[in-house]
S.K.: 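Once you've had a glance at the structure underneath, I'll fire off some questions.
Counting from 1, the numbers follow the sequence of the chain as shown. What you see is a predicted model, and the numbers here were worked out from it, not measured in a lab.
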Amino acid sequence: MVPALMAEQARAALKAWNGYAPTPAEEQGLDSELDRRLAQAAVR
């Protein structure tokens, strides 16, 4: 299974489970925060 399909299925499952459906802008913000934290952890 390709990553894009896995991501779409995960989004659909999350929305069905608890109604959470972030906007593209919210997703980008979360991605940026995750990237920042991963970069910070890699430095340690």
Side-chain angles (χ1 to χ4, degrees):
M1 188 176 307
V2 296
L5 180 57
M6 291 172 54
E8 183 57 38
Q9 288 178 344
R11 280 193 282 287
L14 186 57
K15 184 176 181 184
W17 176 57
N18 68 4
Y20 181 66
T23 66
E26 290 171 325
E27 282 187 27
Q28 181 59 45
L30 293 168
D31 288 346
S32 295
E33 178 63 15
L34 179 58
D35 290 343
R36 184 190 68 76
R37 290 182 186 201
L38 288 171
Q40 185 179 29
V43 173
R44 294 182 183 187

S.K.: Please output the side-chain donor-acceptor pairs of residues 36-44 that fall under 3.5 Å, not counting sequence neighbours, one pair per line with the distance.
M.R.:
from	atom 1	to	atom 2	distance (Å)
R36	NE	E33	OE1	3.1
R36	NH2	E33	OE2	2.6
R37	NE	E33	OE2	2.7
R37	NH2	E33	OE2	3.3

S.K.: Report the hydrophobic cluster partners of Y20, with the cluster defined as I, L, V, M, F, W, Y residues connected by side-chain heavy atoms closer than 4.5 angstrom, directly or transitively.
M.R.: L14, W17, L30

S.K.: For E27, what residues pass the side chain to side chain donor-acceptor pair (under 3.5 Å) criterion, not counting sequence neighbours?
M.R.: none

S.K.: Would you please name every residue forming a salt bridge (Lys or Arg N to Asp or Glu O under 4.0 Å) with E26, sequence neighbours left out?
M.R.: none

S.K.: Q9: which residues meet the side-chain contact (heavy atoms from CB on, under 4.5 Å) condition with it, sequence neighbours left out?
M.R.: M1, L5

